[in-house]
Amino acid sequence: MENKIDIQNIKGEFDIFKNHPTLCYMDSGATSLKPRCVLDKMNEYYNMYGVNIHRGVYELSFKASNEFDIARSKVAKFINAKENEVVFTKNVSEALNEICLMLVDDLKEDDIVLTTELEHHSSVLPWIHASKKKNFKVDYIELDENNRITFDNFKKALKENTKVLAITLVSNVLGYVTDIKPIIEECKKRGIITIVDGAQAVQHFKIDVKEIDMDFFAFSGHKMFGPTGVGVMYGKEKYLKQLDPVYYGGDMMDTASKEEILLKDTPHRYEVGTPAIAEVIGLGEAIDFIERIGFINIQKKENELRDYLFNEIKKVDGLTIYNLGTDSPILCFNINYCHPHDAITMYDEDEICLRAGHHCAELLSKHLKVNGTLRASLSIYNTKDDIDRFVKKTKYIVDFFKDFF
Ligand SMILES: Cc1ncc(COP(=O)(O)O)c(C=O)c1O
């Protein structure tokens, strides 16, 4: 691996800032920016050995296959999984949908899938949809007064026939980190299958799937400095060796006849057709990038940015803040005098990129009784100067709309 990266000068690793020197990007919850090394690695694939994998019996194909397999082993190490427990998907949404579709046949009428109103749509909508067809129930852990998931409320929601838990590790709207270990332990005692959405976790802190011991875990490459088009479905070997894949076609079977299909072992049985080769290789490079910075440094910087952001924004009148005391560098708020979509266009005038709306978590908007919120989500390339610009603009927008109110 190359030398360590100095987090204080991290902006220099992202060429987008050369093209947009005044960009104030506060939408990393939607997708992170991509460092040069990831793009270079993907270009290297296309320019140097850009052929298909696991098919060709020639040198270039061996090279491409080897790089693809190396990326899988980097992902496995990154989350402490076995290589055959790492399945590449398009993104976390596809992974969570596949998990639902693979498990749903074993659910009977009156079984319960337990989840929360904090979930991103991709963690909960597949279950709501399937429950209508199969007549099982989807239940929700009551959120506490700060809209957090608590162990006590989780225990209260458990029933004899709870069979699956689908839960977020970090809320994409409020940034709360779920205290997942005791929840998983309790599920294990009761034979409940656990699925954890890690989309907003893997870029911030170390995940050890064996230590947490969840059955399934999913995340996307593009939120962790990797490319779009690649995600990961982790599943314990004991499940992945026996479940029926959702998709069938090339490269996932050993033999096929009119009567029978003999599937390959995991993970290949779940990866049908030509995968996103450059993107998988790029994801491997994104993991190297994170490791060259180190999670200790990432967390230190993100916590400093979060604390500064909240200290400064709390000084502005005319706002409602929904996640004081959050665990992540995410601010969820509203300007009391205008709709979030009106505000967002004014931020954009100054090249300040935020997100407005439900953030694909409409159950939470309904729970909060709002039409939407504004979200500023930070990452390692943000600076205190970005926050100062954001706070100054927020004051300006408050004053602007207050006059019409
Ligand atoms: C918590 C969470 N889960 C799932 C997703 C879906 O991610 P993707 O669009 O990469 O499938 C997101 C995206 O914002 C998210 O924040």
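Each residue takes its place number in the sequence, starting with 1. Quick caveat, the model's predicted, so the values are computed rather than measured. Both counts, for ligands and for their atoms, begin at 1 and track the order of listing.
Comment: Lys206 does not engage Glu211 in a salt bridge, judged by the lack of any side-chain N to carboxylate O separation of less than 4.0 angstrom. Glu44 and Lys41 are joined by a salt bridge, as a carboxylate oxygen and a charged side-chain nitrogen come within less than 4.0 angstrom of each other. At a threshold of 4.0 Å, the pair Arg355-Asp27 does not count as salt-bridged, since none of the basic side-chain nitrogens sits closer than that to a carboxylate oxygen. Salt bridge annotation for Asp213-Lys236: present, with a cationic side-chain nitrogen under 4.0 angstrom from a carboxylate oxygen.
Across Ala201, Ser220, Gly29, Ser377, heavy-atom proximity to atom 10 (O) of ligand 1 is greatest for Ser220.
The proximity of Ser93 to ligand 1, defined as any non-hydrogen pair under 4.0 Å, involves the side chain as well as the backbone. Looking at Asp197 against ligand 1, only its side chain comes within 4.0 Å, counting heavy atoms.
At a 4.0 Å cut-off, at least one heavy atom of Lys223 sits close enough to ligand 1 to count as contact.
For atom 4 (C) of ligand 1, the nearest non-hydrogen atom of the protein is Ser122 OG, 3.2 Å. For atom 15 (C) of ligand 1, the closest heavy atom belonging to the protein is His120 CD2, 3.3 Å.
For ligand 1, the atoms closer than 4.0 angstrom to any heavy atom of His222 are 8 (P), 10 (O). Taking every heavy atom of Asn172 and a limit of under 4.0 angstrom, the matching atoms of ligand 1 come to 1 (C), 16 (O). Near Gln200, meaning under 4.0 Å from one of its heavy atoms, ligand 1 places the atoms 1 (C), 14 (O), 15 (C), 16 (O). Listed by atom number, the atoms of ligand 1 under 4.0 Å from Val92 heavy atoms are 4 (C), 5 (C), 6 (C), 7 (O), 8 (P), 10 (O), 11 (O).
The environment of Lys90 atom NZ is sparse: at most 12 non-hydrogen atoms of other residues, nucleotides or ligands sit within 6.0 angstrom.
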Dump the intermediate steps for salt bridge (charged side-chain N to carboxylate O under 4.0 Å, His left out) on Glu349 and Lys393, then the final yes or no. CA-CA 10 Å; Glu349 287 166 358; Lys393 185 74 188 190; 3.4 Å; yes
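Counting only distance, with no hydrogens or angles, the side chain of Glu85 and the backbone of Glu237 share a donor-acceptor pair below 3.5 Å.
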